[in-house]
Amino acid sequence: MIDYSKIKIVIWDLDETFWEGIFSEGPITPISDNIQLVKDLTDIGIVNSVCSKNDKEPTERKLSELGVDDYFVFNSIDWNPKGQRINKMLKDMGLRAENALFIDDNHLNLEEAKFFNEEIMVAMPDEIPSLIEWVSNQEKKDLNHKRLKQYKILEEKAKEKEQIGSNEEFLLSSNIKVDINTDCKNEIDRLSEMIMRTNQLNFTKNRMEKDELFKLINEDGVDSGYVSAKDRFGDYGIIGMYVVKDNALIHFLFSCRTIGMGIEQYVYAKLGYPKLEVVGIVIGEVDESDAPAWINQEVNNEEEGKEKANDARVLVKGPCDLKALFSYIDLGKNSDTEFTFINERGVSDEQINHTTHIVEAKTLSTEQKDTLFDELPFADKEMYSDLIYRKDYDVVFISILNEANLGLYKRKITGEIVAFTEETYPMTDKDNWDGYIEGKRWTGGCNFTEDFLEEFSDKYEFLGRITVEDFRSNLEFIRNNLPKETLLVIMLGSETQFEQNEFAAYKDREKKHKEYNNVAREFSKNKENTTVLDVNNYITGQESFYKNINHFIPKVYYEMAQDMIKLINDWTGQRVAKTSFVLKLIADTKQRIRKLLGKR
């Protein structure tokens, strides 16, 4: 018998559980009741995750197409056994197995999950109707999805920690801020709730009702306080509390969301190491060593380790992974970005930053754009954004990664060109139609039908990737249509092979990058007020990549951000931004931290 009241997370298998069918073998059929259940669970404060044996990227795209990807956190999608993956997932989330429900149609997977997570609750899909009924009777107390958002922050931190590798370097880069407040009376409801519910980082486990707690903190000689924390990933709110009487801790507890941050040691040190009798099992420990050096470091800025920019006018156009640069800089209120976005039809719009679309944003008439929008289900009026020409920018950055990825299609009658889907799989080739219809190929979330693909093939001609000649011509047009005083910066792609690539569409991508990079380099040498920002200057080997050839570890983005700022500063002749001082801080304190943690 499953105790639904204990559930804090539901972990979903996908094939023949969350949806009908085997995703890797053919089309799947969504189960609307399960999709609604995930949303309803979120509304009552229970988070959802995925543990599935499938290929990660196409599976995530399918979840996106179903409109539920944002409801899941800490997904584990690969072909490895599930038991240990679930164990790692729960540890990363700071959850106990007894508060997790794993739903899978395979008895072996359920038994394996129980072997590695002894107290986990498991169920076959036939348990789902009972869960739906139970959820329907619960109060929807988290309609703002506060709990989901908290785990999204933890997920982002876990991903970046994995990229950085060294735990102390990651903690130093997190810019952790901890405040200790003593007005416990004003937060008595939240604090009494924590006392009754917190387990994993509750050192004293001294359960106490609100009235009793209120009386205690008002006694003479009692020192009490609550702890709030934030870092560059987000604000955690109230995450801990303590009560000290006669130099002994009666209460000393922290939220599981802070596991691994060292906050309990920081507070213990600030309190002067009072007597502490640890009750039961606690994930974490405190001692009489110094407060962690990565907490409350003094920084020369007011927001997340970033210096505010001045009024320089900057435009950055490129794929959404370039957002990683903005972890280190803030270009200011007069700057704009145009990254990949989900358009009004629910389709991922990468083509907005292809040089062909940047050119046609100015050369196509409104009627031509409307025609494309009307007949193409993936099209959006913003895919021909002309912002680059409408505002007088000091500096414009354009990324050319899409040139090596997207295929071009020419409208046979009128000649307009559209970039969409991976060049490796032409939409006009019938051999690829099943892959697009079934979602096995990248569709950006567009639901293709055979009728559309047939009509599209009649009207459009596949051109392949953009030729180097047309690419050079596009750069010429863009440069000539920008103000002469605007600096054009062309951001290049990696020329180092990503050795772990598993996707046919990315095969030899580094060679294609080099072709376009060389054109951009030559063009910038011969054109006034034009230069390149070359990612290859920061790639040192396979350790620089994160998951594919276009994604990198934070160190690469940090160094790119430095040079981006230098280009802006040199061009405008004024100080518009600063990079985070974090890496310098890491270098300066690394030896000290290693000593603190007992490392040699």
Undergrad: Heavy-atom count around K56 NZ within 6.0 Å, excluding the residue itself: above 12?
TA: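 Atom NZ in K56 is packed in, count exceeds 12.
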Undergrad: Answer yes or no: is there a donor N or O on one side and an acceptor on the other, between the side chain of K82 and the main chain of C51, under 3.5 Å?
TA: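 Pair found, side chain donor or acceptor close to backbone of C51.
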Undergrad: Does the side chain of D231 come under 3.5 Å of the side chain of Y236 through a donor N or O and an acceptor N or O?
TA: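 Note: D231 and Y236 side chains meet the donor-acceptor criterion.
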Undergrad: Evaluate E111 against K114 for salt bridge (charged side-chain N to carboxylate O under 4.0 Å, His left out), listing each step before the verdict.
TA: CA-CA 5 Å; E111 292 302 318; K114 289 193 293 184; 3.2 Å; yes
Undergrad: Kindly indicate whether the side chain of N99, heavy atoms from C-beta on, has any atom under 4.5 Å from the side chain of I9.
TA: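 A side-chain contact under 4.5 Å is absent here.
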Undergrad: Is there a side-chain contact between L249 and Y268, using heavy atoms and a 4.5 Å cut-off?
TA: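 L249 vs Y268: side chains touch.
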Undergrad: Within a strict 4.5 Å, meaning less than it, do heavy atoms of the M93 and V73 side chains meet?
TA: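 Result yes, sub-4.5 Å side-chain heavy-atom pair found.
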Undergrad: Considering only NZ, NE, NH1 and NH2 on the basic side and carboxylate oxygens on the acidic side, decide whether K210 and D189 come within less than 4.0 Å.
TA: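 Looking at K210 and D189, the cut-off is met.
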Undergrad: Could you state the interatomic distance from CZ (F72) to CD1 (I77), rounded to the nearest 0.5 Å?
TA: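 It comes to 9.0 Å.
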Undergrad: Give the intermediate values and the outcome of side chain to side chain contact (heavy atoms under 4.5 Å, CB included) for residues N106 and L110.
TA: CA-CA 7 Å; N106 186 315; L110 299 181; over 6 Å; no
Undergrad: What's the verdict on salt bridge (charged side-chain N to carboxylate O under 4.0 Å, His left out) for K62 and D69, showing C-alpha distance, side-chain angles and the deciding distance?
TA: CA-CA 8 Å; K62 178 55 67 176; D69 56 317; over 6 Å; no
Undergrad: Between T198 and I195, is there a donor-acceptor pair closer than 3.5 Å when you use the side chain of the first and the backbone of the second?
TA: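 Side chain of T198 to backbone of I195, a donor-acceptor pair under 3.5 Å: no, none is there.
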Undergrad: Does any N or O in the side chain of S64 come within less than 3.5 Å of the main-chain N or O of E60, such that one atom is a donor and the other an acceptor?
TA: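 No; zero donor-acceptor contacts below 3.5 Å.
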Undergrad: Enter the distance from K215:NZ to D211:CG here, rounded to the nearest 0.5 Å.
TA: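 The CG atom of D211 is 10.5 Å from NZ of K215, to the nearest 0.5 Å.
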Undergrad: Do we see a donor-acceptor contact under 3.5 Å between the side chains of N48 and W12?
TA: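 Distance-only check passes for N48 and W12.
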Undergrad: With distance as the sole criterion, is a donor-acceptor pair present between the side chains of W79 and N54 under 3.5 Å?
TA: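 No, no side-chain donor-acceptor contact under 3.5 Å.
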Undergrad: If you look at every heavy atom in I132 and D33, which pair is closest and at what distance?
TA: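 Where I132 meets D33 most closely, the heavy atoms are CD1-CB, 4.1 Å.
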Undergrad: Checking the side chain of Q265 only, and the main-chain atoms of D287 only, is there a donor and an acceptor separated by less than 3.5 Å?
TA: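 Judged by distance alone, yes, a pair lies under 3.5 Å.
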Undergrad: Check this for me, if you would: do R96 and E98 make a salt bridge, where the nitrogen-to-carboxylate-oxygen distance has to be below 4.0 angstrom?
TA: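 The answer is yes: the pair qualifies as a salt bridge.
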Undergrad: Does CZ in F115 sit with more than 12 non-hydrogen atoms of other residues, nucleotides or ligands closer than 6.0 Å?
TA: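 No - once you tally the heavy atoms of other residues, nucleotides and ligands closer than 6.0 Å, there are 12 at most.
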Undergrad: For N296 and Y266, does a side-chain donor sit closer than 3.5 Å to a side-chain acceptor?
TA: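 Yes.
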Undergrad: Is it true that, when you exclude R207 itself, more than 12 heavy atoms of the residues, nucleotides or ligands shown sit nearer than 6.0 Å to its CZ?
TA: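 Check passes, neighbour count above 12.
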Undergrad: Would you say D142's side chain and R147's backbone share a donor-acceptor pair under 3.5 angstrom?
TA: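 Pair found, side chain donor or acceptor close to backbone of R147.
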Undergrad: Is it true that R190 and E187 make a salt bridge, defined as a side-chain N closer than 4.0 Å to a carboxylate O?
TA: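 Between E187 and R190 there is no salt bridge, as every charged N stays at least 4.0 Å from the carboxylate O atoms.
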Undergrad: If you count every heavy atom of other residues, nucleotides or ligands that lies below 6.0 Å from Q84 atom CD, does the total exceed 12?
TA: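 No, not enclosed.
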Undergrad: Ignoring hydrogens, what is the shortest heavy-atom contact between D70 and L148? Give both atom names and the distance.
TA: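 Closest heavy-atom pair between D70 and L148: O-CD2, 3.6 Å.
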Undergrad: Measuring from M208:CE to S192:OG, what's the distance to the nearest 0.5 Å?
TA: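 So the gap between those two atoms works out to 11.0 Å.
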Undergrad: If you look at every heavy atom in I120 and A113, which pair is closest and at what distance?
TA: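 For I120 versus A113, the nearest heavy atoms are CG2-O, 3.9 Å.
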Undergrad: Could you check L201 against L253 for side chain to side chain contact (heavy atoms under 4.5 Å, CB included), going step by step and ending with a plain yes or no?
TA: CA-CA 6 Å; L201 274 178; L253 54 104; over 6 Å; no
Undergrad: Determine the minimum heavy-atom distance between N80 and R85, stating which atoms define it.
TA: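 Looking at all heavy atoms of both residues, the shortest contact is O-NH1, 2.5 Å.
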Undergrad: With a 4.5 Å heavy-atom cut-off, do I188 and L213 have their side chains touching?
TA: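 The answer is yes; the side chains approach within 4.5 Å.
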Undergrad: Strictly distance-based, threshold 3.5 Å: is any side-chain N or O of N75 a donor or acceptor partner for the main-chain N or O of V50?
TA: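 Pair found, side chain donor or acceptor close to backbone of V50.
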Undergrad: Does T182 reach the main-chain N or O of G225 with its side chain, forming a donor-acceptor pair under 3.5 Å?
TA: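 Here the side-chain-to-backbone pair does not exist.
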Undergrad: Please report the C-alpha distance between V10 and L37 in whole Å, then the side-chain angles of each, then the deciding distance to 0.1 Å, and finally whether the side chain to side chain contact (heavy atoms under 4.5 Å, CB included) criterion is met.
TA: CA-CA 10 Å; V10 175; L37 175 56; over 6 Å; no
Undergrad: Kindly check if the number of other-residue, nucleotide or ligand heavy atoms within 6.0 Å of NZ (K91) is above 12?
TA: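 No.
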Undergrad: Indicate yes or no for a side-chain donor-acceptor contact from K140 to the backbone of T42 under 3.5 Å, with no hydrogens or angles considered.
TA: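 The answer is no, because no donor-acceptor pair under 3.5 Å joins these two groups.
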Undergrad: Determine, stepwise, if the pair M121 / F102 fulfils side chain to side chain contact (heavy atoms under 4.5 Å, CB included).
TA: CA-CA 6 Å; M121 293 176 278; F102 174 44; over 6 Å; no
Undergrad: For V244, does its backbone N or O pair with a side-chain atom of D223 as donor and acceptor, under 3.5 Å?
TA: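 Answer holds: no.
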Undergrad: Give, for atom CG of L131 and atom OG of S136, the distance between the pair rounded to the nearest 0.5 Å.
TA: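 Reported value, rounded in 0.5 Å steps: 9.5 Å.
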Undergrad: Tell me whether the count of non-hydrogen atoms from other residues, nucleotides or ligands lying under 6.0 Å of CD in Q542 goes above 12.
TA: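 It does: Q542 CD has more than 12 such atoms within range.
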Undergrad: By the definition side-chain contact (heavy atoms from CB on, under 4.5 Å), identify the one residue from N117, V122, N109 that meets it with I86.
TA: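 When N117, V122, N109 are each tested with I86, the side-chain contact (heavy atoms from CB on, under 4.5 Å) holds only for N117.
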Undergrad: Is the shortest distance from a Lys or Arg side-chain nitrogen in D92 or K88 to a carboxylate oxygen in the other one below 4.0 Å?
TA: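 A salt bridge is present here (some side-chain N lies under 4.0 Å from a carboxylate O).
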Undergrad: Would you check if Y558 and Q562 make a side-chain contact, meaning some heavy-atom pair closer than 4.5 Å?
TA: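 Yes; the side chains approach each other to less than 4.5 Å.
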Undergrad: Between the side chains of D3 and S5, does any donor sit under 3.5 Å from an acceptor?
TA: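 Result is yes, a qualifying pair exists.
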Undergrad: Angle class for the H145/Y71 ring planes (parallel below 30°, perpendicular above 60°, tilted otherwise)?
TA: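 Ring orientation of H145 relative to Y71: perpendicular.
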Undergrad: Taking side chain as C-beta onward, heavy atoms only, is I238 less than 4.5 Å from M194?
TA: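 Yes - at least one pair of side-chain heavy atoms lies under 4.5 Å apart.
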Undergrad: What is the distance from atom CD of E155 to atom OH of Y151, rounded to the nearest 0.5 Å?
TA: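 Taking CD in E155 and OH in Y151, the distance rounds to 12.0 Å.
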Undergrad: Would one find more than 12 heavy atoms of other residues, nucleotides or ligands at under 6.0 Å from atom CD of Q36?
TA: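 Yes, CD of Q36 has more than 12 neighbouring heavy atoms, counting only those of other groups under 6.0 Å.
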Undergrad: Checking Y4 against E133: is there a side-chain donor and acceptor pair closer than 3.5 Å?
TA: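 Per modelled atom types, E133 and Y4 side chains form no pair under 3.5 Å.
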Undergrad: Closer than 3.5 angstrom, by distance alone: can the side chain of D15 be matched with the main-chain N or O of F23 as a donor-acceptor pair?
TA: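 Here the side-chain-to-backbone pair exists.
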Undergrad: Is it true that atom CD of E219 has more than 12 heavy atoms of other residues, nucleotides or ligands lying nearer than 6.0 Å?
TA: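 Above 12, so yes.
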Undergrad: Contact between I31 and F18 at the side-chain level, heavy atoms closer than 4.5 Å - yes or no?
TA: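 No; the side chains remain at least 4.5 Å from each other.
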Undergrad: Indicate the atoms forming the closest heavy-atom contact of I22 with I28, along with that distance.
TA: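 Distance-wise, the nearest heavy atoms are C-CG2, 4.0 Å.
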Undergrad: Flag the pair Y242 / F252 as yes when their ring centroid distance falls below 6.0 Å, and as no otherwise.
TA: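 Not close enough - the centres of the two rings lie 6.0 Å or further apart.
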Undergrad: Considering all heavy atoms of both residues, which atom of E264 and which atom of E285 are nearest to each other, and what is their separation?
TA: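 Reported closest heavy-atom pair: CG-O, 4.4 Å.
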Undergrad: If only side-chain N and O atoms count, and only distance matters, is there a donor-acceptor pair under 3.5 Å linking T17 with D13?
TA: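 T17 and D13 do have a side-chain donor-acceptor pair below 3.5 Å.
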Undergrad: Please examine the side chains of I250 and T204, heavy atoms only from C-beta on, and report whether any two atoms are closer than 4.5 Å.
TA: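 Contact flag for T204/I250 side chains = no.
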Undergrad: Out of curiosity, I176 CD1 to M261 CE, how far, rounded to the nearest 0.5 Å?
TA: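 With rounding to 0.5 Å, CD1 (I176) is 4.0 Å from CE (M261).
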